[in-house]
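Reminder, nothing fancy here: chain letters follow the sequence lines and each chain counts from 1. Hydrogens, waters and symmetry mates are skipped; everything else that's a heavy atom, side chains included, is used. Quantities reported herein were computed from a predicted structural model and do not represent experimental measurements.
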Amino acid sequence: MTLRAAARNAVGAAFERAIASGRLPDVPEARAAEIEVSRPAKPEHGDLAANLALRLAKPLRMAPIAIATALAEAMVEVRAADPGSAIGTAEAVNPGFLNLRFTDAAVEAIVDHARREPAGWGRGTGASSGRHVNVEFVSANPTGPLTVGNARGAFVGDLLARVLEAGGQRVTREYYFNDSGAQVRNLGASVLAIREGRDVPEDGYHGEYVVDLAAEVPDTVVAARTGDDAEEQRAWAAGRWASDRIRKGIEASLASLGVRFDVWTTEGSLLEHGWVDRAIARLREGGHLYEADGATWFRSTAFGDDKDRVVIRSNGSLTYFAYDIGYVTEKLSRGFDHLIYIWGADHHGTVARLRNAAEAMGFDKAAVEVILTGWVHFLQDGQELSMSKRAGTFIALDDLLAELGADAARWYFASRGANVNMDVDIELAKKQSSENPVYYVQYAHARIASILRKAADTGLAAAPSVAGSLGEGPEGTLARVVARLPEVVEDAASAQETQGVTTYATELATAFHAFYRDARVVDPDEPERSAKRLALVDATRISLANALALLGISAPEQM
RNA sequence: GCGCCCGUAGCUCAGCGGAUAGAGCGUCAGGUUGCGGACCUGAAGGUCGUGGGUUCGAGUCCCGCCGGGCGCGCCA
């Protein structure tokens, strides 16, 4: 149990006690109040503060401070009945907060726990623990290398997956390839054109990589065909070959970012296995489809959308939306409790129809979640860079990462909300990458590793427990930050965000650096105190390493 | 025009309805006869876009307006 959970329980118990002892009136409405504790901005206000008294003022018709005082008195009795209580003191202060302070023993126990089970420290405490989630992200079309524009989705998706896993959920990372659309044919036609010295067609691809593909495509792939559609056949063959080649490159790029996928699904396979047909049949059986203007429509407006949506065009071909509903059916058939799609903000218009279709097919709409990532504007010399694979005017993700480093890029995206737009000046980013806060955190980790090496050389070892060492010195401050990791992970998993983790890692590094300044760790003249401090510092190292691992960032032993 | 997202320090961004709104970078002034100076201490810098409302309490919730982005196809 986290210290925060213990504090909530204690406040709840104190509330019950205050009613039982007649200090507070028994009002049903008040009993329904949720117990909340939060970290005060100022350390002198304690480790946690409860606002219960402020919330109860109206239903109890009492002054907040009077309620807080009653709770504080009741807390004394609760503690007396529970010698192992994590709460040391509870103080009622104006305007009505109940400021709580942990016992050193409770904090020490948590720190010892971190060292006893370093691998699991901080993990597995989320609210949706046990849920099996599918996270689909990147899913860039195989018509060109990943660009810096794809970086957002790659990191947001991977970070989300890591956070959910840390919260005890099972995650399947999935990549969807649109491998059979007209764009693949266009890519093939572009490859052929360059190979044969013709101009690239109007809706073709102009990037440097197409020239490379044209030089490498085997003769057998683009051999002459017969029949009326001979050129069409050649374009498709070249396109399939090229997109397969590009796909391998995409996988390699993602691997270098530390992003891996469990499942790769192709558009072609959905069709092949009948998922699209089954989904359409399912909608038809439910009476959610109708014919108009020669096309087949989904009655999305019946579920709150502002327009109905075409599923089958009047020429008989399937819309992208048709594949979407086939895919959502296929995913849910695999037994996931929850689906998360990571899409760019430009796709927000398609969210409603997808969720509506899922509902129409009898699935739980709430199980289909779409996270839209904000736009990243890349600037060079104050000018916005366009990111067009078709025009060939893009910056390859590989090139940027080679200069920034995956750790710095990960931190950059992890410390920002997924849905905010941001401006990135390429030159500025390269210049400032060495000033990325990630190195501040990694430095703290490396510094501790160095201290531990030094201690080993000196013949000092960490004590098995920090018990009895927190007292008044600098130890207590650092230990209390260490102890918060499980709460940080819990919050990250339930909010499905990583900003809290980067903030925490920075705070922990700051707390350690301050501790390092004030407390000499390796001191042969004080072997017992050194052993205790080594234990605390080791727990700090574990916490830093786990926080960084949660973000997919390395924790170096030296820098 | 309609819908969604965003607007917080010079810059990039944090901030479950709670106490004097924070961090990094940048700027300025300092710091090590001890374990890593990629560190530490301090200072300057804010009408939280704006006007109302709800609340004991609003950067946070609601409404209007202003500014920016995206979307409103039988494109993907």
Residues of residues 54-71 of chain A with a heavy atom under 4.0 Å from any atom of RNA chain B, listed by number, are A:L54, A:R55, A:K58

Hey, can you pull the donor-acceptor pairs under 3.5 Å for the side chains in residues 409-422 of chain A, sequence neighbours left out?
| residue | atom | partner | partner atom | Å |
| --- | --- | --- | --- | --- |
| A:R410 | NE | A:L257 | O | 3.3 |
| A:R410 | NE | A:G552 | O | 3.4 |
| A:R410 | NH1 | A:D158 | OD2 | 2.8 |
| A:R410 | NH1 | A:L551 | O | 3.0 |
| A:R410 | NH2 | A:D158 | OD2 | 2.8 |
| A:R410 | NH2 | A:L257 | O | 3.1 |
| A:R410 | NH2 | A:G258 | O | 3.2 |
| A:S415 | OG | A:W411 | O | 3.0 |
| A:S415 | OG | A:Y412 | O | 3.2 |
| A:R416 | NH1 | A:Y412 | O | 2.9 |
| A:N421 | OD1 | A:W375 | N | 2.7 |

Check every strand shown and say whether A:N51 touches a base, only sugar-phosphate, or nothing at a heavy-atom separation below 4.0 Å.
-> base

Have a look at A:Q496 and tell me which of A:V163, A:I371, A:L159 forms a side chain to side chain contact (heavy atoms under 4.5 Å, CB included) with it.
-> A:I371

Using a heavy-atom cut-off of 4.0 Å to chain A, what are the terminal contacting nucleotides of RNA chain B, in 5' to 3' order?
-> B:rG3 to B:rA76

N/O donor-acceptor pair under 3.5 Å between A:H445 side chain and A:P556 backbone | yes

Counting any heavy atom closer than 4.0 Å, what does A:A414 reach on the DNA or RNA strands: base, sugar-phosphate only, or nothing?
-> nothing

Walking RNA chain B from its 5' end, the first of A:S415 and A:Y440 to be reached, judged by nearest nucleotide, is A:S415

Would you find more than 12 non-hydrogen atoms of other residues, nucleotides or ligands less than 6.0 Å from A:E528 atom CD?
-> no

Measure across A:V466 and A:A535 and return the closest heavy-atom pair with its distance rounded to 0.1 Å.
-> CG1-CB, 3.6 Å

What integer number of Å spans the P atoms of B:rG26 and B:rC39?
-> 10 Å

Classify the nucleic acid contact of A:Y412 as base, sugar-phosphate or nothing, counting any heavy atom under 4.0 Å across all strands shown.
-> sugar-phosphate

Minimum heavy-atom distance between A:A360 and A:F303, given as atom pair plus value | CB-CZ, 3.5 Å

Which residues share a ring-ring contact (aromatic ring centres under 6.0 Å, His included) with A:F515, sequence neighbours left out | none

Give the intermediate values and the outcome of side chain to side chain donor-acceptor pair (under 3.5 Å) for residues A:T301 and A:D308.
-> CA-CA 6 Å; A:T301 49; A:D308 289 338; 2.7 Å; yes

Looking at every strand, decide which applies to A:N436 at a 4.0 Å heavy-atom threshold: base, sugar-phosphate, or nothing.
-> nothing

Say you pick atom C1' in B:rA21 and the same atom in B:rA14; how far apart are they, in whole Å?
-> 11 Å

C1' spacing across the pair B:rG67 / B:rG73, given as an integer number of angstrom = 29 Å

Name the nucleic acid region contacted by A:T502, choosing base, sugar-phosphate or nothing; use a 4.0 angstrom heavy-atom cut-off, strictly under.
-> nothing

Does any residue of residues 315-323 of chain A have a heavy atom under 4.0 Å from RNA chain B, and if so, which ones, in number order?
-> A:Y320

Nearest-nucleotide wise, let me know which of A:A295 and A:A50 is further upstream toward the 5' end of RNA chain B.
-> A:A50

Any cation-pi pair here, A:R353 with A:F298, using under 6.0 Å and within 45°?
-> no

For A:H348, answer base if it contacts any base atom (sugar-phosphate contacts may also be present), sugar-phosphate if it contacts only those atoms, and nothing otherwise; contact means non-hydrogen atoms under 4.0 Å.
-> base

Interatomic distance at P, B:rG36 relative to B:rG30, whole Å | 28 Å

Passing option when A:D47 is tested against A:R480, A:R484, A:R101, A:R39 for salt bridge (Lys or Arg N to Asp or Glu O under 4.0 Å) | A:R480

If the C1' atom of B:rC74 is compared with that of B:rC70, how far apart are they to the nearest Å?
-> 23 Å

Just by modelled atom types, is the A:A189 backbone N or O under 3.5 Å from a matching donor or acceptor in the A:Y205 side chain?
-> no

When all nucleic acid strands are considered with a 4.0 Å heavy-atom cut-off, which category describes A:A444: base, sugar-phosphate, or nothing?
-> nothing

Describe the nucleic acid contact of A:Q183 in one word from base, sugar-phosphate, nothing, applying a heavy-atom distance below 4.0 Å.
-> sugar-phosphate

With pairs defined as Watson-Crick or G-U wobble and both distances under 3.5 angstrom, please note down RNA chain B as a dot-bracket string, | for pairing with another strand.
-> (((((((..((((....[...)))).(((((.......))))).....(((((..]....))))))))))))....

Could you pull out the closest heavy-atom pair between A:L146 and A:Y175, with the gap in Å?
-> CD2-OH, 4.3 Å

Which whole number of Å gives the distance between the C1' atom of B:rG7 and that of B:rC65?
-> 14 Å

Does any N or O in the side chain of A:Q442 come within less than 3.5 Å of the main-chain N or O of A:S554, such that one atom is a donor and the other an acceptor?
-> yes

Which part of the nucleic acid, if any, lies within reach of A:S38 when heavy atoms closer than 4.0 Å are counted: base, sugar-phosphate only, or nothing?
-> base

Can the ring centres of A:Y341 and A:H347 be said to be less than 6.0 Å apart?
-> no

Whole-Å P distance, B:rU50 and B:rC25 | 28 Å

Check whether any side-chain heavy atom of A:N356 lies under 4.5 Å from a side-chain heavy atom of A:K365, and answer yes or no.
-> yes

With rounding to whole Å, what would you report as the distance between B:rU54 and B:rU47 at their C1' atoms?
-> 22 Å

